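Remarks on the structure that follows.
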Amino acid sequence: AQSVTQLDSHVSVSEGTPVLLRCNYSSSYSPSLFWYVQHPNKGLQLLLKYTSAATLVKGINGFEAEFKKSETSFHLTKPSAHMSDAAEYFCVVRINTGGFKTIFGAGTRLFVKA
Amino acid sequence: EAGVVQSPRYKIIEKKQPVAFWCNPISGHNTLYWYRQNLGQGPELLIRYENEEAVDDSQLPKDRFSAERLKGVDSTLKIQPAELGDSAVYLCASSKVAGKGYQETQYFGPGTRLLVL
């Protein structure tokens, strides 16, 4: 069965310190992997995606993620957190099982302290 | 380029009443998705359209939910009758389908927040 696990429901960092949001997946198929951010009362915005090209993917707002097949992970990082990064982050797996299947993680709420 | 448009943004109804949500996808996007997002959880797919055809509605509770996408553009999601447990945010998304569709980015609308009393 396919699944996505975001290992932390909440992460709290101080402004200017690094951010690490962890995501592990399980899939029998080659996946595409996405990170989305959701600010309060807003729609989901794509941060970055991996689609079988370079394993280190750079996204918007200074975020990046590395696809590690051996660890089945796709962790999201940012060198220096900004107050505006406070939001909910979702890791998403999409696979082709004959039809396209999309699986969202449960989300990680990022808090940024001044 | 305009994004995915949804209306209404908020809806409060009493249980057993009907409710409908509308979505206008990004121009040129063949694929349209409806998701339900319960509080504190990730979105779950309800239905996916490719053009006007519903190609995945396996998670749609068909006893009370229905959807349509006339002419392969706008879509409407309906609940009749609504239950307390239907309170959630209903998200619409769209994407192009070209080649490996599972690699395509989904673009999300702002959602409709439904409260059933």
Side-chain angles (χ1 to χ4, degrees), chain A residues 2-10 21 23-25 27-54 57 59-60 65 67 74 87-109, chain B residues 2-10 21 23-26 30-50 53-59 88-115:
Chain A
Q2 281 60 237
S3 67
V4 179
T5 302
Q6 292 186 240
L7 294 154
D8 306 290
S9 59
H10 299 86
L21 305 182
C23 174
N24 285 97
Y25 71 93
S27 175
S28 307
Y29 304 84
S30 294
S32 293
L33 296 155
F34 303 76
W35 275 100
Y36 283 86
V37 61
Q38 187 176 36
H39 291 275
N41 299 316
K42 298 284 183 64
L44 289 100
Q45 179 185 18
L46 178 72
L47 284 176
L48 49 79
K49 69 177 183 181
Y50 165 78
T51 59
S52 76
V57 182
I60 62 172
F67 173 64
F74 191 57
E88 187 90 19
Y89 291 79
F90 292 96
C91 180
V92 183
V93 171
R94 298 196 78 198
I95 54 177
N96 185 357
T97 63
F100 305 136
K101 189 173 178 66
T102 303
I103 307 162
F104 275 77
T108 297
R109 167 95 39 199
Chain B
V4 176
V5 179
Q6 291 187 247
S7 68
R9 291 293 311 277
Y10 304 92
F21 314 124
C23 174
N24 178 243
I26 293 173
N30 297 21
T31 306
L32 184 145
Y33 313 76
W34 282 103
Y35 287 88
R36 177 169 59 189
Q37 184 177 19
N38 292 313
L39 190 64
Q41 299 181 20
E44 295 178 320
L45 181 70
L46 291 173
I47 190 168
R48 175 169 66 93
Y49 282 93
E50 289 184 9
E53 181 183 0
V55 296
D56 183 358
D57 63 355
S58 57
Q59 301 302 312
V89 176
Y90 291 83
L91 296 166
C92 179
S94 70
S95 67
K96 297 179 183 178
V97 178
K100 295 182 179 179
Y102 70 105
Q103 296 180 344
E104 290 294 325
T105 298
Q106 295 177 66
Y107 295 86
F108 285 82
T112 296
R113 187 175 297 273
L114 174 67
L115 179 60

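Residue numbers start from 1 in every chain, and the chains themselves are labelled A, B, ... in the order their sequence lines are given, proteins ahead of strands. Please read all numbers here as calculations on a predicted model, not as lab measurements.
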Heavy-atom contact with chain B under 4.5 Å, split by part of [X]:
{"X": "A/Lys49", "answer": "side chain"}
{"X": "A/Leu46", "answer": "side chain"}
{"X": "A/Tyr36", "answer": "side chain"}
{"X": "A/Gln6", "answer": "neither"}

Leading residue by heavy atom contact count with chain B [cutoff under 4.5 Å; candidates A/Ser9, A/Gly43, A/Gly105]
A/Gly43
Assert top hit (heavy-atom pairs under 4.5 Å, partner chain B, pool A/Leu44, A/Val4, A/Asn96) equals A/Leu44
Okay, B/Leu91 and chain A: the region with an atom under 4.5 Å from a heavy atom over there is side chain
Answer with side chain, backbone, both or neither: which region of B/Gln59 has an atom nearer than 4.5 Å to a non-hydrogen atom of chain A?
neither
Taking salt bridge (charged side-chain N to carboxylate O under 4.0 Å, His left out) as the test, write out the residues that go with A/Arg94, two or more places apart.
none
So, taking the atom named [atom1] in [X] and the one named [atom2] in [Y], what distance separates them when rounded to the nearest 0.5 Å?
{"X": "A/Thr102", "Y": "B/Arg48", "atom1": "OG1", "atom2": "CZ", "value": "7.5 Å"}
{"X": "B/Phe108", "Y": "A/Gln45", "atom1": "CZ", "atom2": "CD", "value": "12.0 Å"}
{"X": "A/Phe104", "Y": "B/Tyr35", "atom1": "CZ", "atom2": "OH", "value": "5.0 Å"}

With a 4.5 Å cut-off on heavy-atom pairs, point out which of B/Gln6, B/Arg113, B/Gln106 contacts chain A the most.
B/Gln106
Should the heavy atoms of other residues, nucleotides or ligands under 6.0 Å from NZ of A/Lys101 be counted, would the total exceed 12?
no
Sorted by number, residues from residues 37-44 of chain B in contact with chain A (heavy atoms, under 4.5 Å):
B/Gln37, B/Gly40, B/Gln41, B/Gly42, B/Pro43
